[in-house]
Q: 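Have a look at the structure that comes next, please.
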Amino acid sequence: MSLVITDLHAQLEDGTEILKGVTLEIPAGEVHAIMGPNGSGKSTLSKVISGHEGYEVTAGSVTLDGEDILEMSIDERSRAGVFLAFQYPAEVPGVSNANFIRAALQARLPKGQELDAVAYYKSLYEKMDLLEMDRKFTARAVNEGFSGGEKKRNEILQMLMLEPKYCILDETDSGLDIDALKIVAKGVNAMRSTDRGMLLITHYQRLLDYIKPDVVHVMSAGRIVKTGGPELALELEEKGYDFLKELTVA
Ligand code: ADP
Ligand code: MG
Ligand code: MG
């Protein structure tokens, strides 16, 4: 059981190649981190895996427990068990958080089967307590007027509720304040499981102070240029990304 990315090449619509042969395997039960300088293609990788428009895969493959996901729509990938967080999803005016998550869970049930509302709210409230979220939050429309921290919390809540097999978290360059970071870490650590693989994408080492990855990969110029244990993150922090220049293949 694993998410396997093999020699993945992807380009923008104008033909600019961003991913230049990414190979990576995330087995269920492991947390992997990808670090790397700005513009190295980290977010592009997460978007290509989750099926966002605007990128064309020109070579390579992505399989989820042996199943090719590149031909699937975003929705099909999500049902297959891929979850991408931190995309700053669009606001969903008029739809409350509680109903949004409920609809997503209902959509996963076999036709004719009704989601148990009592069990749903019990589970939702448990998870909100874990994330220190106010109950009032359930009635607010998805992401409408949310602060950056609230959006992060909300995405982690969605992730906790949907229980995906593979989670990809792209910290993005905007980063997180320390409180939001701790909440994110709490959610991620609660999701760690022998049957779930997780990929954390971050520009900074600090997220990894709270979530200890099993494996750290360094991405540079569209390729994974180095893979190691958690100590690699510390080495990067210490030496900076400049030392990658020696590793980067022209
Ligand atoms: P990272 O997440 O590592 O900072 P990105 O994947 O966001 O890197 O970007 C990699 C490169 O691809 C950058 O040069 C970025 O400007 C470019 N890029 C990514 N997506 C687009 C897009 N939709 N349109 C134009 N350029 C893009
Ligand atoms: Mg960037
Ligand atoms: Mg990015």
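Both counts, for ligands and for their atoms, begin at 1 and track the order of listing. When a residue number appears, it is its place in the shown sequence, counting from 1.
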Q: I'd like to know whether CD of Q113 has more than 12 heavy-atom contacts from other residues, nucleotides or ligands below 6.0 angstrom.
A: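 Result for CD/Q113: enclosed.
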Q: With a cut-off of 4.0 Å, which atoms of ligand 1 are near a heavy atom of T44?
A: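 Reading through ligand 1 atom by atom, the close ones are 5 (P), 6 (O), 9 (O), 19 (C).
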Q: Indicate whether any N or O donor in one side chain lies under 3.5 Å from an N or O acceptor in the other, for E25 and S2.
A: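 Judged by distance alone, the side chains do pair up.
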Q: In terms of side-chain geometry, is the basic nitrogen of E235 or K239 positioned less than 4.0 Å from the acidic oxygen of its partner?
A: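 A salt bridge is present here (some side-chain N lies under 4.0 Å from a carboxylate O).
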Q: Answer with yes or no whether P37 contacts ligand 1, where contact means a heavy atom under 4.0 Å from a ligand atom.
A: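 For ligand 1, residue contact (heavy atoms, under 4.0 Å) with P37 is present.
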Q: Could you tell me whether some N/O pair between L12 and ligand 1 is separated by less than 3.5 angstrom?
A: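 For ligand 1, there is no N or O atom that lies under 3.5 Å from one belonging to L12.
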Q: Tell me whether ligand 1 is touched by G36 - counting only heavy atoms on the residue side and a distance under 4.0 Å.
A: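 G36: no contact with ligand 1 (<4.0 Å).
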Q: Give a yes or no on whether S43 keeps an N, O or S atom under 2.8 Å from the Mg ion (ligand 3).
A: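 Checking S43: at least one N, O or S atom is under 2.8 Å.
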Q: Please state whether G41 comes within less than 4.0 angstrom of ligand 1, counting heavy atoms only.
A: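 Under 4.0 Å: yes for G41.
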Q: What I want to find out is whether R192 reaches D214 closely enough, with some N-O distance under 4.0 Å, to be called a salt bridge.
A: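 Result for this pair is yes, salt bridge flagged.
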Q: Show which atoms of ligand 1 fall inside a sub-4.0 Å distance from at least one heavy-atom site of Y55.
A: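 Matching atoms, with element in brackets: 20 (N), 21 (C), 23 (N).
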Q: Using 4.0 Å as the upper bound for N to carboxylate O, is an ion pair formed by E126 and K122?
A: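 Judged by the 4.0 Å cut-off on N to carboxylate O distance, K122 and E126 do form a salt bridge.
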Q: Taking 4.0 angstrom as the limit, do D209 and K182 come out as a salt bridge?
A: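 Judged by the 4.0 Å cut-off on N to carboxylate O distance, D209 and K182 do not form a salt bridge.
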Q: Could you tell me which atoms of ligand 1, counted from 1 in the order shown, lie closer than 4.0 angstrom to a heavy atom of N38?
A: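 Listed by number with element, the hits are 4 (O).
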Q: Taking ring pair (Phe, Tyr, Trp, His ring centres under 6.0 Å) as the definition, give me every residue that meets it alongside F137, ordered by chain and number, with sequence neighbours left out.
A: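 Testing F137 for ring pair (Phe, Tyr, Trp, His ring centres under 6.0 Å), a comparison that skips the adjacent residues, returns F146.
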Q: Closer than 4.0 Å to some heavy atom of S43 - which atoms of ligand 1 meet that?
A: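 Contacts of ligand 1 toward S43, numbered from 1: 1 (P), 2 (O), 6 (O), 7 (O).
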Q: Mark up the atoms of ligand 1 that fall under 4.0 Å of a heavy atom belonging to S40, in ascending order.
A: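 Contacts of ligand 1 toward S40, numbered from 1: 1 (P), 3 (O), 8 (O).
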